[in-house]
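Position 1 is the first residue of the sequence; numbering continues from there.
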Amino acid sequence: MKKTLLLPLFSILLVFSGTCEDFIVSYLNGDAFLLTRGDEEYLDIGDTVSDKARILIEEGGILELRRDSRSFTLAGPGTFELASMLARAGKRESAPLANLLSSRIDRMLSNSEIEKPSSVMGVRGAAAEEMEMDWIGSESDPYISRGRDQLRGGDYSAAQKTFSQGLEIARDYGESDSEAELAFLLSWTLSVEGSTGPALHSLSLLQVDPYTPWYPEYRLLHARLLLDSGASEQAAEILRQNRGIQPLQKEDELILGIALFEGSGKNRKEALEILNGLAAENGAVADIARAYLQK
């Protein structure tokens, strides 16, 4: 049986050393370097960096830092001043943005539940004893349904296990559509659990058809995680894709405006037009836009 690429991502070794001001590298995919007086020092899991560090991350690299209960993720390519990244994250008001994304995902889970026909299909392996469903469909479909139910019930740990099992089965049976949906749902679950690095890596491997019903939520989650990881220009690029097929919703426009504002500066005028337009309206998105512009 093939092994899923996602399972090792959960085996993150944390080495608690250094001072209370230090961050610890808790996840690394690709190459990252600590820049000190012109030198480049390879970073690895367990290394410590200060909140004033300069970090170089190569193309495709993802680095996750943790300090106490707080985590912070950076996505390459780029050179990052950690102090300025932390300050920018504070301006962004992560909690309200996270609530908006959660609301979108909750609506998706409620509106696109897979139908369960009346025939019974047993689930393979050890999961069969705890999970038999009325089902006609692919081998991995029951895991999507069960995992969605667990997400709706707030049992993220169980959902993560279910989606991981289903993903392995979908890959074994060549069920590409189910594989993509399971990978997306697992990425969302990982992000909720605070494992932003593995979630972002998983999303970066996906190629989702824009006609897929959950494509808007995939696009929003991918962009949001990129934005939180310092890759604002990549976040804006993700949101600009396939807008003719899947138009942007208010939450998407908000993330796009913030991503453009925090980018290289050449798109600052467009960013302000988007954010000011949203701020003039009513509702949660407008509240966040106004709060962002006032900081």
Determine yes or no for a side-chain-to-main-chain donor-acceptor pair under 3.5 angstrom, with [X] supplying the side chain and [Y] the backbone.
X      : Y      : result
Ser110 : Arg107 : no
Glu58  : Gly30  : no
Glu262 : Ala231 : no
Arg66  : Phe23  : no
Glu179 : Ala170 : no
Asp155 : Ala158 : yes
Asp68  : Arg70  : no
Ser195 : Pro198 : no
Thr212 : Val208 : no
Glu64  : Thr73  : no

Could you walk me through whether Arg146 and Asp149 pass the salt bridge (charged side-chain N to carboxylate O under 4.0 Å, His left out) check? CA-CA 5 Å; Arg146 183 178 178 86; Asp149 289 341; over 6 Å; no
Give, for atom [atom1] of [X] and atom [atom2] of [Y], the distance between the pair rounded to the nearest 0.5 Å.
X      : Y      : atom1 : atom2 : result
Leu65  : Leu74  : CG    : CG    : 6.0 Å
Gln241 : His222 : CD    : NE2   : 9.0 Å
Leu260 : Glu270 : CG    : CD    : 5.0 Å

Tell me which one of Leu225, Leu226, Ile238 satisfies side chain to side chain contact (heavy atoms under 4.5 Å, CB included) with Leu203.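 Looking at Leu225, Leu226, Ile238, the match for Leu203 under the side chain to side chain contact (heavy atoms under 4.5 Å, CB included) is Leu225.
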Can you tell whether the side chains of [X] and [Y] come within less than 4.0 Å, N to carboxylate O?
X      : Y      : result
Arg240 : Glu253 : no
Arg171 : Glu139 : no
Asp287 : Arg290 : yes
Glu281 : Lys250 : yes
Asp252 : Arg104 : yes
Glu40  : Arg54  : no

Full working for salt bridge (charged side-chain N to carboxylate O under 4.0 Å, His left out) between Glu181 and Arg148: CA-CA 11 Å; Glu181 185 171 2; Arg148 285 172 175 268; 2.3 Å; yes
Please report the C-alpha distance between Leu220 and Glu251 in whole Å, then the side-chain angles of each, then the deciding distance to 0.1 Å, and finally whether the side chain to side chain contact (heavy atoms under 4.5 Å, CB included) criterion is met. CA-CA 8 Å; Leu220 178 59; Glu251 299 92 342; 4.1 Å; yes
For residues Ser140 and Glu175, is any side-chain donor paired with an opposing acceptor at under 3.5 Å?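 A pair is found: one side chain offers a donor N or O, the other an acceptor, under 3.5 Å apart.
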If we count only N and O atoms by modelled type, under 3.5 Å, do the side chains of Ser103 and Asp106 hold a donor and an acceptor together?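 Ser103 vs Asp106: no donor-acceptor pair found between side chains.
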Looking at every non-hydrogen atom in both residues, tell me the closest pair between [X] and [Y] and how far apart they are.
X      : Y      : answer
Leu151 : Tyr156 : CD2-CD2, 3.5 Å
Ser229 : Leu200 : OG-CD2, 3.6 Å
Gly230 : Met85  : CA-CE, 3.2 Å
Leu167 : Leu182 : N-CD1, 3.6 Å
Val49  : Leu34  : CG1-CD1, 4.1 Å
Ala284 : Leu100 : CB-CD2, 3.9 Å

Determine the interplanar angle of the Phe261 and Tyr292 rings, folded into 0 to 90°, and report it as parallel if under 30°, tilted if 30 to 60°, perpendicular if over 60°.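 Phe261 vs Tyr292 ring planes: perpendicular.
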Look at the rings of Tyr218 and Tyr215 and say which category their plane angle falls in: under 30° parallel, 30 to 60° tilted, over 60° perpendicular.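 Geometry flag for Tyr215 against Tyr218: tilted rings.
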Please walk me through it: do Leu101 and Trp188 pass side chain to side chain contact (heavy atoms under 4.5 Å, CB included)? CA-CA 10 Å; Leu101 182 54; Trp188 161 245; 3.8 Å; yes
Does Ile144 reach the side chain of Ser178, with side-chain heavy atoms less than 4.5 Å apart? yes
Can you check side chain to side chain contact (heavy atoms under 4.5 Å, CB included) on Ser145 and Asp141, steps first, answer last? CA-CA 7 Å; Ser145 179; Asp141 280 350; over 6 Å; no
Residues two or more places apart in sequence or in another chain: which of them pass salt bridge (charged side-chain N to carboxylate O under 4.0 Å, His left out) with Arg268? none
Would Arg67 and Ile24 satisfy side chain to side chain contact (heavy atoms under 4.5 Å, CB included), going step by step from the backbone distance to the final call? CA-CA 6 Å; Arg67 182 170 65 188; Ile24 302 208; over 6 Å; no
Crowded around Asn282 CG? As in, over 12 foreign heavy atoms under 6.0 Å? no
Heavy atoms of other groups near Asn276 CG, more than 12 under 6.0 Å: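 Atom CG in Asn276 is crowded, with more than 12 foreign heavy atoms closer than 6.0 Å.
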Suppose we call two aromatic rings close when their centres sit under 6.0 Å apart. Are Phe33 and Tyr42 close by that rule? yes
